[in-house]
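Working notes, structure below.
Bear in mind the structure is a predicted one, so any value in this text is a computation, not a measurement.
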Amino acid sequence: MNSLKKAVLFTFVFIIISLLITSCGVNNNVDSTSVSNETNPTTPAANYVLTSLTLSSGSLSPAFLATTPAYSVSVSNSVSSITVTPTASGSAGSIVVNGTAVTSGSPSGSTSLSVGTNTINVVVTPTGGSSTTYTISITRQADASSPGSPDFVLSAVVLSSGSLNPAFDSSVASYTASVANLVSSITLTPTAVGSGGNITVNGSSVSSGNVSGSISLSVGTNTITVVVTKADSTSTTYTITLTRVGSYSLSGLAISSGTLSPVFESGTTSYAASIAYSVSSITVTPTANGSGGTITVNGSAVSSGDTSSAIAQSVGSNTITIVVTPSGGGTSTTYTVTLTRAAASYSLTALSLSSGTLSPSFSSGTTSYTASVANSASSITVTPTAAGDEGIVTVNGSSVSSGNASNSISLSVGANTITVVITPTGGSATTYTIIVTRAAAAQTINTNPPASTVRLVFIHHSSGGNWLKTSGDFYGALGTALNSNKYYVTETDYDWDAEANDNLGDTTDTTDWLSWFNDTKMPYVYSNSNHSYYSNTISDPGGQNEIIMFKSCYPMSEVGGSIADEKAIYNGLLTYFAAHTDKLFILIIPPAPITTSSYVLTKQLNDWLVDESNGWLKNYSHNNVAVFDYYCVLSETDSHHRVNGGAVQHSYSGSYDGTSPYHDGDDHPNSSGNQKAVTEFLPLLNYYYNSWKGL
């Protein structure tokens, strides 16, 4: 082949290859979507969304929104057909109106409308995607100039404000509704089903599904009628009784005495106030604003700005209610005023007895007193004097006029309790207590020491040891006094053993006494010769201890919230004592510490232990048990348990408040208190011994 032919052939081949490359779209700028489609031949759904929907007549309700699938339209009877114009945006898709394809933005074919309800469906389908159906319910009104057909029935009535009661039912003719005062007019939307018909609202024609003209509302009751007429000229009347509530509210509230708390505000419904006892009644003045209504105060009508009738006030809490009710059946508002009337001021200013003298002297703030009378005083009267507004005074439960003497009160020998109670009208009672001790009949109290030495054992701990010793801190010199009265002293203390290593001496709490007083341990007590705190100055007479004194330490003075358990323990000892009448058992009541918190109950227990007529030993038939109230003697300087004036005196000071004066910064009684106790105890011990021996 010559060179010319080669050149022509080369050129031809080059042109063919270039054409092939161009036709295949090969270039350096490769489209990513095209590549993607080559690797994944499945095409995604088109983005095809309906953006508007319009009609040739009427307006959609609600306004069109792509996410809202259902709409209603009402057209007049003159509209016999309608077209729909759907508009979409996005990629390819299709629109079908009642089964016929429609181009986006173009009107559909004409759809004939029957009188009544007609339905048009618009189906929007994106290419490759799911369809969305929009439904339009079109109501063509009947010809208002001609009667409706026999199947024309009211299906709904909607108010622009308020709700029908009961809910609408075409078979129910009467309804009620209420609206707030601010609603001055209202419209109705009646809707019927069937082919044609005539509807009037308060005599004015309204097409089915359309809004009536505005109806003015008066405060109170308003009547609205809806009349539905069929083709056969028969009609049905529906009546709506609509109540417009009046505007009426409380703007002020005043009371004739006292001050409201908080300060009155219309929106606050609860108040309180206090009045003096002297205010026995009160009036209320409510003030309202608005266009009518009613006000009641405790159920009685009161005009705005007027004063109520007087309302009686009891001492204490009283409730007044003010009810404000707008006219036209509006909701009532109830205001409450809680008035507290103070109690009367009434107090005791003087208290005197027909015999004896109060101790301490009367003071209104002191409620406990004692007094002593001779045996010859078999009865007594009490004269209370009170001052203040008003109240009552009772003496032993019987009413007594202020300044007058009570009825005669019989006195038994020993302690007698008289109560004087003063109660202000409507207030709390105050009780005054008087313990009147009537002396026993004249008798011989033998306080002489024994004729010969008697052996005595004292079961104690530290406070008992201090009482015995003759020198050092807190000494009382009881041992010396005992020896002087021919009592030879032995003791048990900490570490004392009855049986070998039983350490019985360590246990002297009230709860321990049953462990002592039994036939196993007591023989060792009777034969005891030990003494720790005191050395006798008289000779040991030999034999057993005849007198057994036993005492717990001061912590046992705290009895807690009940003395029932202590009483049970002491009662449990009497069986043993009754079986050993050859011994004299003397309980030394534990001494008072600096302060006793349970002092009221402690005193009750001690009174019970000492009172032979009504207490512990009331039913004990032997005379070999006695009690010395060491606690009482130390409770106050004028508290005593002693032989006085030929009789035994057991009396607590009226001023005792749980704090003892006989201490020097320590709960152990000091020397002054212990020596006072020795002075009062020794004559009693001699008396107890002589009574036991029948001397």
Side-chain angles (χ1 to χ4, degrees), residues 161-163 165 176-186 215-224 240-346 388-391 424-427:
S161 183
S163 301
N165 183 25
T176 61
S178 62
V179 295
N181 177 263
L182 56 84
V183 180
S184 59
S185 64
I186 197 169
I215 302 169
S216 296
L217 298 177
S218 303
V219 171
T221 301
N222 300 265
T223 301
I224 301 173
I240 303 170
T241 302
L242 195 149
T243 301
R244 179 187 174 193
V245 175
S247 174
Y248 200 66
S249 61
L250 206 60
S251 60
L253 185 63
I255 52 179
S256 58
S257 183
T259 303
L260 292 180
S261 178
V263 175
F264 179 79
E265 288 187 5
S266 182
T268 302
T269 58
S270 294
Y271 299 88
S274 297
I275 56 176
Y277 173 77
S278 58
V279 180
S280 60
S281 65
I282 200 167
T283 60
V284 177
T285 304
T287 303
N289 56 24
S291 55
T294 62
I295 303 175
T296 62
V297 176
N298 276 11
S300 297
V302 177
S303 299
S304 173
D306 286 352
T307 299
S308 70
S309 300
I311 302 168
Q313 299 295 294
S314 303
V315 170
S317 181
N318 302 265
T319 300
I320 300 176
T321 56
I322 301 94
V323 180
V324 180
T325 306
S327 60
T331 301
S332 297
T333 301
T334 299
Y335 296 84
T336 302
V337 180
T338 302
L339 270 164
T340 301
R341 182 185 176 196
S345 174
Y346 197 63
D389 298 320
E390 60 181 51
T425 300

Please determine whether side chain to side chain contact (heavy atoms under 4.5 Å, CB included) holds for the pair Thr336 and Thr319, giving the CA-CA distance in whole Å, both sets of side-chain angles, and the decisive distance to 0.1 Å. CA-CA 7 Å; Thr336 302; Thr319 300; 3.6 Å; yes

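- Qualifying ring pair (Phe, Tyr, Trp, His ring centres under 6.0 Å) partners for Tyr346, counting only residues two or more places apart in sequence or in other chains: none.
- Under the side chain to side chain donor-acceptor pair (under 3.5 Å) criterion, Ser163 pairs with no residue, sequence neighbours left out.
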Might you work through the side chain to side chain contact (heavy atoms under 4.5 Å, CB included) test for Leu260 and Val337, ending with a clear yes or no? CA-CA 8 Å; Leu260 292 180; Val337 180; 3.8 Å; yes

Please output the side-chain donor-acceptor pairs of residues 294-303 that fall under 3.5 Å, not counting sequence neighbours, one pair per line with the distance.
{"residue": "Asn298", "atom": "OD1", "partner": "Thr321", "partner atom": "N", "Å": "2.9"}

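- Between Ile224 and Ile215 there is a side-chain heavy-atom pair separated by less than 4.5 Å.
- For Ser309, there are no side chain to side chain donor-acceptor pair (under 3.5 Å) partners, not counting sequence neighbours.
- Here Ala343 pairs with Val315 under the side-chain contact (heavy atoms from CB on, under 4.5 Å) rule; sequence neighbours left out.
- Ala344 meets the side-chain contact (heavy atoms from CB on, under 4.5 Å) test with Tyr277, Asp389, Glu390, Pro424, Thr425; sequence neighbours excluded.
- Under the 3.5 Å distance criterion, the side-chain polar atoms of Thr285 are left unmatched by any main-chain donor or acceptor of Gly305.
- Here the side chains of Leu242 and Val179 are in contact, with some heavy-atom distance below 4.5 Å.
- Using a 4.5 Å heavy-atom cutoff, the side chains of Leu339 and Ile311 are not in contact.
- Annotation for Ser317 and Thr338: closest pair OG-CG2, 3.5 Å, computed over non-hydrogen atoms.
- Between the side chain of Ser256 and the backbone N or O of Thr283, at least one donor-acceptor pair lies under 3.5 Å.
- Using modelled atom types, no side-chain atom of Arg341 and backbone atom of Ile275 make a donor-acceptor pair closer than 3.5 Å.
- Val324 is listed as a side-chain neighbour of Tyr248, based on a closest heavy-atom distance under 4.5 Å.
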Could you walk me through whether Ile240 and Thr176 pass the side chain to side chain contact (heavy atoms under 4.5 Å, CB included) test, one step at a time? CA-CA 5 Å; Ile240 303 170; Thr176 61; over 6 Å; no

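- The side-chain contact (heavy atoms from CB on, under 4.5 Å) check on Thr259 picks up nothing, with sequence neighbours excluded.
- Side chain of Ser251 to main chain of Thr287: a donor-acceptor pair is present (N/O by atom type, distance under 3.5 Å, no hydrogens or angles).
- Sorted pairs that involve residues 261-272 and meet side chain to side chain donor-acceptor pair (under 3.5 Å), not counting sequence neighbours, are lacking altogether.
- Between the side chains of Thr243 and Ser178, no donor-acceptor pair is found at a separation under 3.5 Å.
- Inter-residue side-chain proximity for Thr340 and Gln313 is flagged as unmet; no heavy-atom pair is nearer than 4.5 Å.
- Residues meeting the side chain to side chain donor-acceptor pair (under 3.5 Å) test with Ser161, sequence neighbours left out: none.
- Between Val279 and Ser257 the shortest heavy-atom distance is CG2-OG, 3.6 Å.
- Put simply, CD1 on Ile320 and CG on Leu253 are 9.0 Å apart, with the number rounded to the nearest 0.5 Å.
- In this structure, Ser308 OG and Ile322 CD1 are separated by 8.5 Å, a value rounded to the nearest 0.5 Å.
- Checked against side chain to side chain donor-acceptor pair (under 3.5 Å), Ser280 has no partners two or more places apart in sequence or in another chain.
- For Ser184, the side-chain contact (heavy atoms from CB on, under 4.5 Å) partners two or more places apart in sequence, or in a different chain, are Arg244.
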